[in-house]
Visitor: 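Sharing a structure, written as structure tokens. Questions coming.
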Amino acid sequence: MAERATLVAARVRLADTFWARLRGLLGRRLSEGEGLLLTPCNAVHTCFLRQPIYAVFLDGEGRVLAAESLPPWRFRVVPRARQVLELSPETAARARLAPGDRLLLEPVGAKVDPEGVRT
């Protein structure tokens, strides 16, 4: 399998608490290059959203299980998913994600030494 290095989103907010996942994108818009990572999570809805989102369902190793555009008032579950990355449709179109792709999520400000170890 060939590897390709593609920056999917430059800024990804983390929603890793019950309240942060519950709020999700309500009252917010994703700009180009932004994302929201819901973890742990295997289902999303677009109720009360005014714009479509692109949902990328990831397994425990960051592999894409499913990726699709969801218009407002939709619900999607992927039972094996452990995380969901929500992107704007424009950001997703640029990234061209497909099932089987693996995403590497790096925290902002993380330092990686030449051996590839985070410090």
Visitor: Evaluate the criterion side chain to side chain contact (heavy atoms under 4.5 Å, CB included) for residue pair L103 and L97; output intermediate values, then yes/no.
Guide: CA-CA 9 Å; L103 302 185; L97 296 171; 3.7 Å; yes
Visitor: Roughly how far, to the nearest 0.5 Å, is the CG atom of L37 from the CZ atom of R13?
Guide: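 The CG atom of L37 is 11.5 Å from CZ of R13, to the nearest 0.5 Å.
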Visitor: Looking at every non-hydrogen atom in both residues, tell me the closest pair between G35 and A9 and how far apart they are.
Guide: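 Looking at all heavy atoms of both residues, the shortest contact is N-CB, 4.3 Å.
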Visitor: Would you say that L65 contacts L58 through its side chain, given a criterion of any heavy-atom pair below 4.5 Å between the two side chains?
Guide: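 Contact flag for L65/L58 side chains = no.
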Visitor: Hydrophobic cluster membership, with links at side-chain heavy-atom distances under 4.5 Å among I/L/V/M/F/W/Y: are L36 and I53 in one?
Guide: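 Yes, because L36 and I53 connect within a single hydrophobic cluster, where side-chain heavy atoms sit under 4.5 Å apart.
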Visitor: Could you list the residues that satisfy side chain to side chain contact (heavy atoms under 4.5 Å, CB included) with A92, not counting sequence neighbours?
Guide: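 For A92 the side chain to side chain contact (heavy atoms under 4.5 Å, CB included) partners, ignoring immediate neighbours, are Y54, L87.
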Visitor: Can you list every pair that meets salt bridge (charged side-chain N to carboxylate O under 4.0 Å, His left out) and has a residue in residues 21-30, with sequence neighbours left out?
Guide: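 Checked against salt bridge (charged side-chain N to carboxylate O under 4.0 Å, His left out) - neighbours excluded - no pair reaches residues 21-30.
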Visitor: Filter on ring-ring contact (aromatic ring centres under 6.0 Å, His included), then keep only pairs touching residues 23-42, sequence neighbours left out; what's left?
Guide: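 For residues 23-42, and leaving out neighbouring residues, there are no ring-ring contact (aromatic ring centres under 6.0 Å, His included) pairs at all.
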Visitor: Can you see which heavy atom on V64 is nearest to which on A98, and at what distance?
Guide: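 The pair with the smallest heavy-atom distance is CB-O, 3.5 Å.
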Visitor: Using the side-chain hydrogen bond (donor to acceptor under 3.5 Å, both in side chains) criterion, which residues pair with T46? Sequence neighbours excluded.
Guide: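 Partners of T46 by the side-chain hydrogen bond (donor to acceptor under 3.5 Å, both in side chains) criterion come out as none, since no residue qualifies.
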Visitor: Quick one: ring-ring contact (aromatic ring centres under 6.0 Å, His included) partners of W73, sequence neighbours excluded?
Guide: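 For W73 the ring-ring contact (aromatic ring centres under 6.0 Å, His included) partners, ignoring immediate neighbours, are F48.
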Visitor: By side chain to side chain contact (heavy atoms under 4.5 Å, CB included), which residues pair with A93, not counting sequence neighbours?
Guide: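 Listed in chain order: nothing, the list is empty.
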Visitor: For A43 and C41, which heavy atoms make the closest approach, and how far apart are they?
Guide: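 Taking every non-hydrogen atom into account, O-SG, 3.1 Å.
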Visitor: Between P52 and S69, which heavy-atom pair has the shortest distance, and what is it?
Guide: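 For P52 versus S69, the nearest heavy atoms are CB-OG, 4.3 Å.
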Visitor: side-chain hydrogen bond (donor to acceptor under 3.5 Å, both in side chains) with Q51: which residues, sequence neighbours excluded?
Guide: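 Here no residue qualifies.
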Visitor: Would you say V84 and V12 are hydrophobically clustered, going by side-chain heavy atoms of ILVMFWY under 4.5 Å?
Guide: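 Shared cluster, no.
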Visitor: Please tell me whether F57 and L38 are part of a single hydrophobic cluster in this structure, the criterion being side-chain heavy atoms less than 4.5 Å apart.
Guide: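 Yes, one cluster joins them.
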Visitor: Does some side-chain heavy atom of L49 sit less than 4.5 Å from a side-chain heavy atom of L70?
Guide: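 They are not in side-chain contact.
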Visitor: Return the minimal non-hydrogen interatomic distance between R63 and G100, and the atom names on each side.
Guide: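 Scanning both residues completely, I find the closest heavy atoms to be NH1-O, 3.6 Å.
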Visitor: Mind jotting down which residue pairs meet the side-chain hydrogen bond (donor to acceptor under 3.5 Å, both in side chains) criterion with at least one end in residues 78-93? Sequence neighbours excluded, please.
Guide: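 Every side-chain hydrogen bond (donor to acceptor under 3.5 Å, both in side chains) pair that includes a residue of residues 78-93, provided the two are not neighbours, is T39-Q83, S88-E90, S88-T91.
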Visitor: Under a single-linkage rule joining Ile, Leu, Val, Met, Phe, Trp and Tyr whose side-chain heavy atoms are separated by less than 4.5 Å, which residues share a cluster with V77?
Guide: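 Members other than V77 - counting any ILVMFWY side chain reachable under 4.5 Å - are F75.
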Visitor: Taking side-chain hydrogen bond (donor to acceptor under 3.5 Å, both in side chains) as the definition, give me every residue that meets it alongside R76, ordered by chain and number, with sequence neighbours left out.
Guide: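 side-chain hydrogen bond (donor to acceptor under 3.5 Å, both in side chains) check on R76 returns E68.
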Visitor: Hydrophobic side-chain clustering at under 4.5 Å (ILVMFWY, transitive links): who's grouped with L22? Put none if nobody.
Guide: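 Besides L22, the cluster holds F18, W19.
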Visitor: Holding to side chain to side chain contact (heavy atoms under 4.5 Å, CB included), I want the full list of residues that pass it with E34, two or more places apart in sequence or in another chain.
Guide: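 Once residues adjacent in sequence are excluded, the partners of E34 under the side chain to side chain contact (heavy atoms under 4.5 Å, CB included) criterion are R11, L30, S31.
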